[in-house]
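In what follows, chains are A, B, ... by sequence order, proteins preceding strands, each numbered from 1.
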Amino acid sequence: MLCSEVMNILDEYLDEELDAEQVHAVENHADTCDRCRRSLQERLQLRRELAGLPLEGPSEGFFDAALDRAVRRTDERGKPWFARIGGAVAAAFAFLFITGVLVQPANLTSSSDIPEVTISMHEVTQVNLMFSSEVALHDARVSLQLPEGVQLAGFNGRDTLSWTTDLKEGNNILQLPLVGYLARSDTLVATLKHASGSKTFELRVTVI
Amino acid sequence: MKQANEAFAELVRPHLSKLYRLAYRLTGSQHDAEDLVQDVLVKVYARRDELTSIRELSPWLGRVIYNQFIDDKRRYGRTPLKLVGSDADVEDLAATANGSPANAASLAEARGRIIEALEKIAEEQRVVLVLHDVEGYKFKEIHELTGVPVGTLKSRLSRARARLRVLLEKDGTFSESSSCNPLDGAQIDAL
């Protein structure tokens, strides 16, 4: 068998797809041909390295959180997500009231009493923020700055998130599935911006 | 509703690790793999009543993952494959390299170059290569997953391997000589 013929069927040899006669021919040739033997060894080594390529596993608690989100997203389809109320899943609540503030752009301070929630490490905790507005607001911009060691389930690696939404008149509930990774206490900052003004709120999050 | 949710979770949970693994190999990153699995779970939950009648759920779920990946490649394929660097990986690498730090470093470097090279291979070829040579899928399983005929898969795999070797030869990771002298073989055959 010629070198070129051997090279053409080396992969099939490694895949164990050759018949006995071909296997015998390849092995006989490789025994006496340094180049083809080296090629065979290198392809074999490449196969081993491919089979050993690392895989980064899912983030902690991902499967549980993903199943939970799949159920919630489907069951709540059709509802404006900003207006969903946690109900049975609510484990902790923080209430942020913005009554009247958005029509007063100069007033950017929040209450001196920062609400607090405590969440468990590596577990998804639903924290519901309630925003109350005197009037309906369209195209309000919501931004979240997450504290160090806290992530929003499903948004791993993101410490800031922003999106545009509508606020209805009255209470609006924002569900945050928070996951803690560091045992510490720090501040989550939520900002609401609208053509009529903006407002920043703080929530103390303690991870235990 | 709660019982329905629990039944869904019980049915799907045993397959999640395998689904995530497939999603990771298709997308190349934890972030995109999690997005892909999440999107599929949302889709599958909406069809949860059908699940109990599916005889082999694992391959069925695999097909849903693959189809979702193909439908929205631009979204899931945006993150290049990367070599992960957790302590566990380093330990695994050191074990593979017989505990030698130098060997482990060399192996990590080689793997990094392989991963970079994989990114340069046409996607339809890369998918077959990754599923067959990295994950160990049989052609029949890849056919069931992708719907692509086995003959076409074999052809794609052959081209993918050849392309990978060329790319690795360029950076010195792989040094197979394509100019193997036919006369050597002729002489040997004559012996």
Side-chain angles (χ1 to χ4, degrees), chain A residues 1-12 14-15 17 25 28-43 45-59 62-75 77 88-89 153-158, chain B residues 1-2 5 8-9 12-13 16-17 20-21 24-25 29-31 33-35 37-38 41-46 48 82-84 86 89 92-93 96 107 110-111 114-115 118 129-130 133-136 157-158 161 164-165 168 173-178 180-186 188-189 191:
Chain A
M1 188 176 271
L2 296 173
C3 288
S4 56
E5 293 172 320
V6 170
M7 295 295 280
N8 281 339
I9 57 172
L10 269 188
D11 280 325
E12 285 83 354
L14 291 172
D15 289 334
E17 289 183 349
N28 275 353
H29 180 94
D31 279 345
T32 52
C33 174
D34 288 343
R35 283 179 171 175
C36 288
R37 186 167 59 249
R38 196 164 58 244
S39 289
L40 181 59
Q41 288 166 349
E42 286 182 346
R43 288 194 194 193
Q45 181 61 26
L46 180 56
R47 294 284 185 96
R48 286 181 182 143
E49 288 178 11
L50 282 169
L53 283 182
L55 179 141
E56 190 175 10
S59 53
F62 168 71
F63 291 150
D64 287 337
L67 284 168
D68 183 52
R69 281 191 296 270
V71 170
R72 276 190 291 113
R73 280 189 203 173
T74 307
D75 290 345
R77 188 169 290 166
V89 296
F155 295 90
N156 300 319
R158 301 274 300 275
Chain B
M1 179 58 69
K2 188 178 178 183
N5 298 348
F8 171 73
V12 172
R13 191 187 299 278
L16 289 181
S17 290
Y20 172 83
R21 196 175 176 95
Y24 184 89
R25 291 307 184 196
S29 81
Q30 181 199 56
H31 180 270
E34 289 187 350
D35 273 0
V37 171
Q38 180 69 77
L41 285 178
V42 170
K43 276 192 170 182
V44 170
Y45 182 73
R48 58 192 177 281
K82 62 183 172 60
L83 188 64
V84 295
S86 70
D89 294 325
D92 288 348
L93 215 53
T96 308
L107 186 54
R111 284 180 175 175
I114 290 171
I115 289 169
L118 283 172
L129 179 66
V130 165
D133 285 0
V134 179
E135 284 298 302
L157 179 61
S158 176
R161 284 168 171 168
L164 181 63
R165 286 196 294 270
L168 293 175
T173 306
F174 190 77
S175 58
E176 179 177 280
S177 172
S178 56
C180 188
N181 186 355
L183 289 179
D184 290 347
I188 290 162
D189 285 345
L191 290 174

[atom1] of [X] to [atom2] of [Y]: how many Å apart, nearest 0.5 Å?
{"X": "B/Arg25", "Y": "A/Leu55", "atom1": "CZ", "atom2": "CG", "value": "4.5 Å"}
{"X": "B/Glu135", "Y": "A/Leu50", "atom1": "CD", "atom2": "CG", "value": "11.0 Å"}
{"X": "B/Arg161", "Y": "A/Asp15", "atom1": "CZ", "atom2": "CG", "value": "4.0 Å"}
{"X": "A/Asp64", "Y": "B/Leu16", "atom1": "CG", "atom2": "CG", "value": "9.0 Å"}
{"X": "B/Glu34", "Y": "A/Phe63", "atom1": "CD", "atom2": "CZ", "value": "8.0 Å"}
{"X": "A/Asp11", "Y": "B/Arg165", "atom1": "CG", "atom2": "CZ", "value": "4.5 Å"}

side-chain contact (heavy atoms from CB on, under 4.5 Å) involving A/Glu12 - partner list, sequence neighbours excluded:
A/Ile9, A/Glu17, A/Leu18
So, using side-chain contact (heavy atoms from CB on, under 4.5 Å) as the criterion, who are the partners of A/Ala65 when residues are at least two apart?
A/Arg69, A/Val124, A/Ala153
Step by step, would you call B/Ile114 with A/Leu46 a side chain to side chain contact (heavy atoms under 4.5 Å, CB included)?
CA-CA 9 Å; B/Ile114 290 171; A/Leu46 180 56; 3.8 Å; yes
Chain A contact via B/Ser158 - side chain, backbone, both or neither, heavy atoms under 4.5 Å
neither
Shortest non-hydrogen contact from B/Leu41 to A/Ala66?
CD1-CB, 3.7 Å
So does A/Gly57 get a backbone contact from the side chain of B/Tyr20, meaning a donor-acceptor N/O pair under 3.5 Å?
yes
